[in-house]
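Only one structure is covered here, and it is reproduced in the block below.
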Amino acid sequence: CRPSLSTLITGHYAHKHGVTGNDPSPKYAKPGSELHNKRRAKLITHLDQFDTLPERLAKRGYLSHQSGKWWEGSTGMRIGELVWLTWDDVDFERNVLHIRPKDSWRPKSGDQRAVPMTPRVSKLLSQLPRSHRWVLTAPRSTKYPHGGHQIAERRQLVALKRVLKN
C-alpha cells in the first residue's frame, strides 16, 4: 500500500522515491523496538525530498485535503488513531506522536506506541491551533456552537470519500 501511495503522491516509482514496503522487515528489527521505529521513520522521510501532488496543486491555487492515506503514509497511523490524537500525545521535543488508550477507546493493536514525526508532519501540526483537547476538531455548528469537539471516525471517512470523489 505505502509504495503505491508514495508513487501516486510523488509521481515517481519506488526505485526513485525509496519507499519499498509498508514497514521495515521484522527480520532485522523487532516491531516496536527503537531500531524498528528509526527504520520506519527513515522509510517515511524519503517522501520529504519530493514535492507531492497536494503541494504542487497548492502552488497553483488549488485547495487539497490531506488526510487518511496521506496521513497514514506520512506517519504509519491508522485513521482511528488520528481521530483520537490529543495535544498531550504530540511531543515536539522528542519529535514523536504517542498512540495510547483514552476514555473508551484503545488502539487496534491494543498496545501503546510512539510514532516518529517527519519534518513535514511536525510542521503541519505546529501550525494547527491548540485551543481544544483534540488535534483534529470539527468546526462550529448548530449542535456544537463552540466547535472544537472530536470528529467521529465515520464522519472523517465520509469527508475523505467526498473529497476523493471530486
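Quick caveat, the model's predicted, so the values are computed rather than measured.
- Contact check for Glu81 versus Arg113: side-chain heavy atoms found under the 4.5 Å cut-off.
- How far OG1 of Thr86 is from CG of Leu97: 10.5 Å, rounded to the nearest 0.5 Å.
- For Trp105, the ring-ring contact (aromatic ring centres under 6.0 Å, His included) partners are Trp84, not counting sequence neighbours.
- By the rule that hydrophobic residues join a cluster once side-chain heavy atoms approach within less than 4.5 Å of another member, Tyr144 and Val83 end up as members of separate clusters.
- Residue Gln112 is tested with His98, Arg106, Arg100 for a side-chain contact (heavy atoms from CB on, under 4.5 Å); the sole match is Arg100.
- The environment of Glu34 atom CD is sparse: at most 12 non-hydrogen atoms of other residues, nucleotides or ligands sit within 6.0 angstrom.
- At a threshold of 4.5 Å between non-hydrogen side-chain atoms, the residues Trp134 and Leu85 do not count as touching.
- Residues Val96 and Leu136 do not share a hydrophobic cluster, clusters being chains of Ile/Leu/Val/Met/Phe/Trp/Tyr side chains in contact below 4.5 Å.
- Side-chain atoms of Asp89 never come within 3.5 Å of backbone atoms of Ile99 as a donor-acceptor pair (strictly under, hydrogens ignored).
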Residues Lys102, Arg133; criterion side chain to side chain contact (heavy atoms under 4.5 Å, CB included); working and verdict: CA-CA 12 Å; Lys102 292 177 197 64; Arg133 177 182 182 199; 4.1 Å; yes
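- A donor-acceptor pair under 3.5 Å links the side-chain atoms of Ser126 to the main chain of Lys123, judged by distance alone.
- Looking only at distances, a side-chain donor or acceptor of His17 sits under 3.5 Å from a matching main-chain atom of Val19.
- Closest heavy-atom contact between Ala29 and Arg39: CB-NH1, 4.1 Å.
- For the atom pair His132 NE2 and Gln150 CD, the distance stands at 13.0 Å (nearest 0.5 Å).
- Val121 approaches Met117 most closely through the heavy-atom pair CG1-CG, 4.1 Å.
- In this structure, Phe92 places its CZ atom where more than 12 heavy-atom neighbours from other residues, nucleotides or ligands lie under 6.0 Å away.
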